[in-house]
J.: 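Pasting in a structure now, in structure tokens, and then I'll have a few things to ask.
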Amino acid sequence: MPHEKVSYRPKPRVPCAPLPGYIVTRGNRLEVARITNLVDMIPHKNPAIWIDRAWLVDVNTAAGSKYIPNRDCPKSETIQHFRPTTLIEMLAQTAACYAAAKAGREAGALGHMRLAQLRDVEFFALPAPPFTIELIVEHVLDYGGKSLWIGRAQIGDRIVCTGRLYLSHGTTNA
Amino acid sequence: MPDIQTRLIELLHKNLRLKVPIAEITAETPIFGKPGLGLDSVDALEIAVLLDKHFSVRLDDQDPASRAALTTIGSLADFIRTKTGAS
């Protein structure tokens, strides 16, 4: 199915306030410094952490990235250990990092977020590894203990997944 | 220009992909559960997004009036009228 290409280029915007311990400033980005911080920010532990890093783009948007090495697809023919549905979990974990960073709370204090529902999800063909997936989630609204996120995953300018993610607060799926 | 309730029904029917025929939706139709539109809490979030986008009306889950508005189509239309000052 043809899809309009959307080039992701962070625009210079007013950044969020720095959050000690979680975020470092890099250019106009506020970036999560190390994966050890991700461990603090989401309930998942390795090997269930599906993003390498995450950063805030603006007050409503976060981005993350994940490098998929060649060894995850030894024959470069099929994605053996990496399934497209994993992209959804990557987007959800990026959103959870955003929520934790924006709340600026210590590990565990935020309350965990759980993927409650998905809508309008589309997957597109993945190239053969190695590649780096960029994950972009935009927070739309909170209501009734749930939050709506518009997410997309892309490799370069090639979109590989889009969808609406509904996260609920207060429980964990880790 | 269609009135608030008509616009609301059209918006919900289109954006939430309701299975209930649009002609059967009235002011008395419950938003949640059966009989009614059969919507759930995720749909409530979508309704909040739609109201914000199309009517510039914010639903606040801490506000009893907001929660009460999500009872029937009519109560939600009344809530929008109150917030926007529309007739």
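Below, read A as the first sequence line, B as the second, and so on, with proteins coming before strands; counting in each chain starts at 1. What you see is a predicted model, and the numbers here were worked out from it, not measured in a lab. Heavy-atom basis, side chains included; hydrogens, waters and symmetry copies ignored.
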J.: Name the region of B:D40, side chain, backbone, both or neither, that has any atom closer than 4.5 Å to a heavy atom of chain A.
T.: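 It is the side chain, since no backbone atom gets that close.
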
J.: What part of B:E46 lies closer than 4.5 angstrom to a heavy atom of chain A: side chain, backbone, both or neither?
T.: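 Side chain only.
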
J.: Nearest 0.5 Å, what's the CD1-CG distance between A:I136 and A:L91?
T.: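 Atom-to-atom, A:I136:CD1 and A:L91:CG are 8.5 Å apart.
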
J.: Contact part of B:I47 toward chain A, heavy-atom cut-off under 4.5 Å: side chain, backbone, both or neither?
T.: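 For B:I47, neither part sits under 4.5 Å from chain A.
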
J.: Do the charged groups of A:K66 and A:E134 touch, with an N to O distance under 4.0 Å?
T.: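 Looking at A:K66 and A:E134, the cut-off is not met.
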
J.: Is the closest basic N to carboxylate O distance between B:D43 and A:R119 below 4.0 Å?
T.: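 Looking at A:R119 together with B:D43, the answer is yes, because their closest N to O distance falls below 4.0 Å.
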
J.: Apply ring pair (Phe, Tyr, Trp, His ring centres under 6.0 Å) to the pair A:W149 and A:Y98, showing each step before the final yes or no.
T.: CA-CA 11 Å; A:W149 305 74; A:Y98 162 96; 5.1 Å; yes

